[in-house]
Protein chains: 2
Amino acid sequence: MGNPRSRPSIGDVAALAGVSLGTVSNVLNHPDRVSAATAEKVARAMAMLEYLPDGNARTLAAGSSRTVGIILPDLANSLFVDVARGAEAAAEEADHTLMIANSDTRLERESRYLRTFTQARVAGILLTLNDEEHYAAIAGGTPRSAPTVMLNLAVPVARSCSVSVDNALGGRLATQHLVDTGRRRLVFVGGPTTLDPIRHRERGFTDVVSASGATHVRTITPDGVNRSDGWAVGTGLVEDVRAGRVDGVVAATDLLAAGIVHALTAADVEVPGQVSVVGYDNNQAAWDSPIPISTVAQPGEAMGRAGAELVLAEARAGADHVHRAVVLEPTLVVRASTAGPTALMR
Amino acid sequence: MGNPRSRPSIGDVAALAGVSLGTVSNVLNHPDRVSAATAEKVARAMAMLEYLPDGNARTLAAGSSRTVGIILPDLANSLFVDVARGAEAAAEEADHTLMIANSDTRLERESRYLRTFTQARVAGILLTLNDEEHYAAIAGGTPRSAPTVMLNLAVPVARSCSVSVDNALGGRLATQHLVDTGRRRLVFVGGPTTLDPIRHRERGFTDVVSASGATHVRTITPDGVNRSDGWAVGTGLVEDVRAGRVDGVVAATDLLAAGIVHALTAADVEVPGQVSVVGYDNNQAAWDSPIPISTVAQPGEAMGRAGAELVLAEARAGADHVHRAVVLEPTLVVRASTAGPTALMR
DNA sequence: TTGTACGCGTTATCAA
DNA sequence: TTGATAACGCGTACAA
């Protein structure tokens with residue numbers, strides 16, 4: 001069994017320890033069924049040979065592996081790094097391993113990694129999407145696979161578990177904060193409307209605006225949600241702010257907000273003196289901005305953790321599992337970009 | 001073969017297509033050995049059953065998988081995200097899949113994921129370390145495994161391939177730039193001395209200092225390399241700068257540099273008017289700082305790409321592979337924190 | 001408590 | 001070109 005070039009197999013261990021093959025397997029998977037003495041012998045043999053069980057053979061025989069796969073849309077976004085952290089912690093506690101794949105928000109890659117994880121027979125898959133269309137495309141075209149929970153996107157609970165953040169609440173939080181600090185002429189800066197979370201944030205915005213009697217001056221929809229897009233938006237807002245037509249901005253992402261603030265201050269508009277700006281995500285971009293930006297923090301780690309726990313629970317439950325939709329709550333983080341006019345940055 | 005609950009196997013496809021099992025395998029792995037007509041039949045059967053080959057059985061039989069594993073120390077550092085990107089691109093071109101694991105710089109996790117990848121029989125492993133001690137610990141205690149290439153740390157070429165960046169050159173680049181712009185009283189801000197790359201950066205620093213006749217005022221060694229550490233360092237430098245004892249700072253990371261600049265400007269010290277500051281890594285922190293920070297950019301994507309190519313080459317070559325050590329060159333990125341005194345931020 | 005034999009889904013070899 | 005069959009390394013009933 002096993003020529004010297006290949007890695008030692010369970011048979012080599014058995015031979016060296018002078019026990020049967022099944023016994024070695026037992027010390028690995030059912031230590032209780034084996035006497036302390038033999039367990040010891042076997043352990044020594046394994047150490048001598050530097051034996052490492054073959055995961056593929058194991059998974060093949062057992063039916064599923066002790067790995068959880070997570071598909072992330074953007075590793076450059078610290079939110080998703082937090083998600084990975086949380087998922088990993090939960091997986092680790094359940095004695096599982098987390099494997100991360102980066103989809104770059106591209107549908108083709110999302111489904112490719114989904115396929116890869118499925119073929120690997122992972123115990124569960126965490127799929128992080130922020131685009132409704134991608135979900136629709138994926139929900140249709142994928143063969144039955146491991147338990148999958150959707151992260152960051154609320155989906156019909158009939159189809160799968162999901163963990164999402166209440167984006168409408170986040171929008172309300174940001175907007176209410178502006179209203180509470182005396183702002184009345186508000187602008188919402190969004191992004192591509194296919195991005196589900198952003199649509200919900202805008203809904204929260206409009207809810208508060210109408211309830212509070214503030215004015216929804218307008219919604220601006222840049223092509224993207226990055227700093228450069230924000231810069232363009234901010235430049236376009238300069239005149240409105242100077243004329244007193246706008247005194248508050250809710251941006252759908254921190255990068256957007258950072259760009260807006262940058263453009264505004266570059267034009268000598270005072271933030272928050274003349275206009276307050278709130279971002280979203282609590283990215284590094286928010287606290288790292290010349291004027292630290294107030295923002296809505298998403299519970300990334302909690303999301304990852306909840307996802308991993310759900311998917312593992314589903315893996316255990318099997319057929320009689322019922323899907324659950326967990327909705328987490330974002331929180332407001334107040335910084336200089338919305339403080340009172342006196343709290344200018346020094 | 002296969003009760004209705006489990007996924008269809010290659011046997012089910014064979015039965016439905018009316019061919020033998022081996023033939024189905026051939027259309028999958030050796031399409032040339034099969035007639036167009038049967039290939040067509042089989043393809044149709046696979047589609048009907050939504051057949052997906054089992055990766056574990058595949059690698060078990062074939063000996064190794066078409067997956068490359070990468071162990072990253074810190075997903076929050078954009079450098080490593082770039083590395084992952086490059087590795088993924090190269091893997092994809094070779095028709096392989098990249099799996100990412102996050103070690104958080106913890107030795108225990110580094111070796112755990114190494115074990116996981118080894119058990120999974122991945123085609124190759126990319127191990128990103130920045131601590132010499134961890135390398136020593138790992139080089140000793142790991143059973144023979146898949147081809148492994150070290151990223152970010154130059155190791156004896158006798159032991160494995162590696163892709164690293166010339167940190168001494170980076171240190172020279174940063175320091176020479178300071179000297180070229182008229183700075184003479186220089187401080188190096190490092191970090192834990194077990195961090196190999198940082199030691200090399202400091203060596204580059206001292207090389208240029210002595211060659212140029214500038215003064216090495218001192219080296220400061222904070223506990224960590226983050227923004228808060230930088231803030232503390234910057235605060236401590238205020239008096240030295242005011243007194244003209246220090247006019248240039250080379251920091252080992254951008255976060256450090258950002259903290260230093262932040263502390264300095266908060267104390268009304270002009271950057272770069274009174275003191276220039278250079279960072280390292282070209283992180284988001286560098287261009288996102290109130291005063292954008294000059295820095296040394298690491299070729300992260302190139303590093304990942306080279307690593308993946310090396311590891312795949314080694315996997316193909318087998319026994320007669322000879323290790324190679326690739327050393328990449330960093331580049332200087334000049335921004336406001338070192339521009340002439342007139343180029344103050346507005 | 002320990003050993004035997006079979007099955008997991010695939011690849012690869014060899015005949016036909 | 002196609003079909004039968006022996007590995008691949010391990011988990012697990014079942015028998016001893």
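The figures here come from the full heavy-atom set of this structure, side chains too, leaving out hydrogens, waters and symmetry mates. Every chain is numbered from 1, with letters handed out A, B, ... down the list of sequences.
- Rounded to an integer number of Å, the gap from A:Arg33 CZ to D:dA13 P is 7 Å.
- The NE2-P distance, from B:His30 to D:dT2, rounds to 14 Å in whole Å.
- For A:Ser35 and C:dT2, the shortest distance from a side-chain N or O to OP1 or OP2 is below 4.0 Å.
- Residue B:Ser9 places none of its side-chain N or O atoms closer than 4.0 Å to OP1 or OP2 of C:dG9.
- For B:Glu88 and B:Arg305, the salt-bridge test fails: no basic side-chain N is under 4.0 Å from an acidic carboxylate O.
- Using a 4.0 Å cut-off between charged nitrogen and carboxylate oxygen, A:Arg106 and A:Glu110 do not count as a salt-bridge pair.
- In this structure, A:Lys41 places its NZ atom 13 Å from C1' of C:dG3, rounding to the nearest Å.
- Axis deviation across the helix from C:dT1-D:dA16 to C:dA16-D:dT1 amounts to 40°, comparing end segments of five pairs, rounded to 10 degrees.
- Residue order along DNA chain C, read from the 5' end via each residue's closest nucleotide, puts B:Ala61 first among B:Asn26 and B:Ala61.
- Under the salt bridge (Lys or Arg N to Asp or Glu O under 4.0 Å) criterion, B:Asp95 pairs with B:Arg66, sequence neighbours left out.
- B:Asn56 has its CG atom 12 Å from the P atom of D:dG11, to the nearest Å.
- Side-chain contact check for B:Met99 versus B:Phe117: some heavy-atom pair is nearer than 4.5 Å.
- A salt bridge does not link B:Arg7 with B:Glu50: none of the charged nitrogens is closer than 4.0 Å to a carboxylate oxygen.
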